[in-house]
Amino acid sequence: MFGQHHENLAQIEQLLDVHFVTRGNEVRAEGDDGKLALTVVDDLYARAERGEDIAPGDVKAAVRLANLPAPAEPGRRDESALKTDKRAIRPRSKNQANYLDAMAGHELVFGLGPAGTGKTYLAVAQAVSMLKRQQVERLVLSRPAVEAGERLGFLPGDMKEKVDPYLRPLYDALQDMLHEGKLNSKLGSGQIEIAPLAFMRGRTLSHAFVILDEAQNTTTAQMKMFLTRLGEGSRMVVTGDPRQTDLPAGVDSGLVRAVERLQAVPEIAVTRFDRNDIVRHPLVSLILEAFEDETG
């Protein structure tokens, strides 16, 4: 729990301006936020008892969440963890917690925000968790096959080999949650399907958890087509960063148009992330800030 050379405690000290005094298994926190610091330590200790690894990002997340109001129901915050085969996945910010609540309570959710905020990762975790609990029968994950500011030209191979590079981030998220043998089995049986957006046309997706990633790169017509695939007993999550579209100049983003038209519908949830929710390497937030003025 303390981390190598007490690095976890040192990070809490830096984030909360407290000082820890440790004697064996006893920890005392000195400073104005001493009580809050001990709440963070209790959270990390509970994770260690469950056998979970504690990374630097988990420490920062624990500090963020300790600053939130206490949940109305005892144990509610721990219940927010999503159980997958490889790990339990917890929200690392208030917006992430709101996002998980939105996905649990709504059939259509939009997750908007910059890279590294967990939009896609948490959506995949929610999908895997619901599949594990047999609340859905299959997962359908999709992305528009749009090149990110590059022209790749001719790609060799069959159709799968041509589109897989665009879908790689979805495979990566699944591999972080399912053991390779089980993932390959579910992909082979069709219980988990990863396909480009163009393959969704004409289908009705029932009893499925459906994710559209990088949705800022859809046109309005594509977005309408995708949203109307929603079938009985299904959940749909649409993620993207409206400020990072790779569509040709003059083409409106279907994500922007959909949110404008649908955000007032009570049955639809919209979660907006910002730089404070970034859970990748700390430099990602600084990089986005440095480019923000240039990109508007």
After noting the C-alpha distance and the side-chain angles of V259 and L112, does the key distance pass the side chain to side chain contact (heavy atoms under 4.5 Å, CB included) rule? CA-CA 10 Å; V259 172; L112 313 177; 3.9 Å; yes
Taking it one step at a time, do T84 and L178 satisfy side chain to side chain contact (heavy atoms under 4.5 Å, CB included)? CA-CA 7 Å; T84 68; L178 294 171; 5.7 Å; no
Worked verdict on H19 versus E13 for side chain to side chain contact (heavy atoms under 4.5 Å, CB included): CA-CA 6 Å; H19 174 66; E13 288 178 332; 3.5 Å; yes
Let's go through T219 and D252 carefully: what are the C-alpha distance in whole Å and the side-chain angles of both, what is the deciding distance for side chain to side chain contact (heavy atoms under 4.5 Å, CB included) to 0.1 Å, and is it a yes or a no? CA-CA 6 Å; T219 64; D252 290 339; over 6 Å; no
List the steps and the verdict of salt bridge (charged side-chain N to carboxylate O under 4.0 Å, His left out) for E26 and R28. CA-CA 7 Å; E26 295 183 2; R28 186 172 77 251; over 6 Å; no
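Between D17 and D32, every side-chain heavy-atom pair lies at or beyond the 4.5 Å cut-off. At a threshold of 4.5 Å between non-hydrogen side-chain atoms, the residues R272 and Q263 count as touching. Proximity of R138 to L205: side-chain heavy atoms (C-beta onward) are separated by under 4.5 Å at one or more points. At least one side-chain heavy atom of T204 sits less than 4.5 Å from a side-chain heavy atom of S206. Residues L212 and R143 are not in side-chain contact: their nearest non-hydrogen atoms beyond the backbone lie 4.5 Å or more apart. Taking 4.5 Å as the limit, some side-chain heavy atom of D85 sits within range of a side-chain heavy atom of K182. Taking the side chain as every heavy atom from C-beta outward, L100 and Q126 approach each other to under 4.5 Å. With a 4.5 Å cut-off on side-chain heavy atoms, Q96 and L122 count as touching.
Atom-to-atom distance recorded for L187:CG and I194:CD1 is 5.5 Å, nearest 0.5 angstrom. Note that OH of Y121 and CG of L82 are 10.0 Å apart. Values are rounded to the nearest 0.5 Å. Note that CD of E7 and CD of Q14 are 12.5 Å apart. Values are rounded to the nearest 0.5 Å. Summarising the geometry, atom OG belonging to S93 is positioned 10.5 Å from atom CD1 belonging to I278; distances are rounded to the nearest 0.5 Å. Once rounded to the nearest 0.5 Å, the distance linking NZ of K224 with CZ of R261 reads 9.0 Å. Residue I192 holds its CD1 atom at 11.0 Å from CG of L170, rounded to the nearest 0.5 Å.
Both V128 and V136 are assigned to one and the same hydrophobic cluster, defined by single-linkage of ILVMFWY side chains at heavy-atom distances under 4.5 Å. Note: the hydrophobic cluster containing L108 does not contain V256 (ILVMFWY, side chain heavy atoms under 4.5 Å, direct or indirect links). L227 and M200 fall within the same hydrophobic cluster, defined by Ile, Leu, Val, Met, Phe, Trp and Tyr side-chain heavy atoms under 4.5 Å apart, directly or through other members.
A donor-acceptor pair is defined here as one N or O able to donate and one able to accept, closer than 3.5 Å; no such pair exists between the side chain of Q222 and the backbone of G254. Under the 3.5 Å distance criterion, the side-chain polar atoms of T271 are left unmatched by any main-chain donor or acceptor of G111. Here the side chain of S142 pairs a donor or acceptor atom with the backbone of A195 at under 3.5 angstrom. With hydrogens and angles ignored, the 3.5 Å screen pairs a side-chain donor or acceptor of K86 with a backbone N or O of Q175.
Summarising the geometry of L255 relative to P242, their closest heavy-atom pair is CD2-CG, 4.1 Å, with the distance given to 0.1 Å. In terms of heavy atoms, S234 sits closest to H207 at OG-N, 2.9 Å. The two residues A37 and F20 come nearest to each other via the heavy atoms CB-CZ, 3.8 Å. Nearest heavy atom pair, residue D241 against residue P114, reads OD2-CA, 3.4 Å. Contact record, G118 with Y99: O-CE2, 4.2 Å, taken as the closest heavy-atom pair. Contact between R235 and G105 at its shortest, heavy atoms only, is NH1-N, 4.2 Å.
Side-chain contact of R257 with S253: a donor-acceptor pair under 3.5 Å is absent, judged by distance alone. Side-chain polar atoms of E214 and Q216 form a donor-acceptor pair below 3.5 angstrom. Counted by atom type alone, D213 and T239 present one or more donor-acceptor pairs between their side chains at under 3.5 Å.
The pair D176-R87 meets the salt-bridge criterion, with a side-chain N (NZ, NE, NH1 or NH2) lying under 4.0 Å from an Asp/Glu carboxylate O. Using a 4.0 Å cut-off between a side-chain N of Lys or Arg and a carboxylate O of Asp or Glu, R203 and E193 qualify as a salt bridge.
Evaluated for a side-chain contact (heavy atoms from CB on, under 4.5 Å) with F2, the options V41, L44, V27, I54 yield exactly one hit, V27.
Within 6.0 Å of CZ on R201 lie no more than 12 heavy atoms contributed by other residues, nucleotides or ligands. Around atom CD of E107, no more than 12 heavy atoms belonging to other residues, nucleotides or ligands sit under 6.0 Å away.
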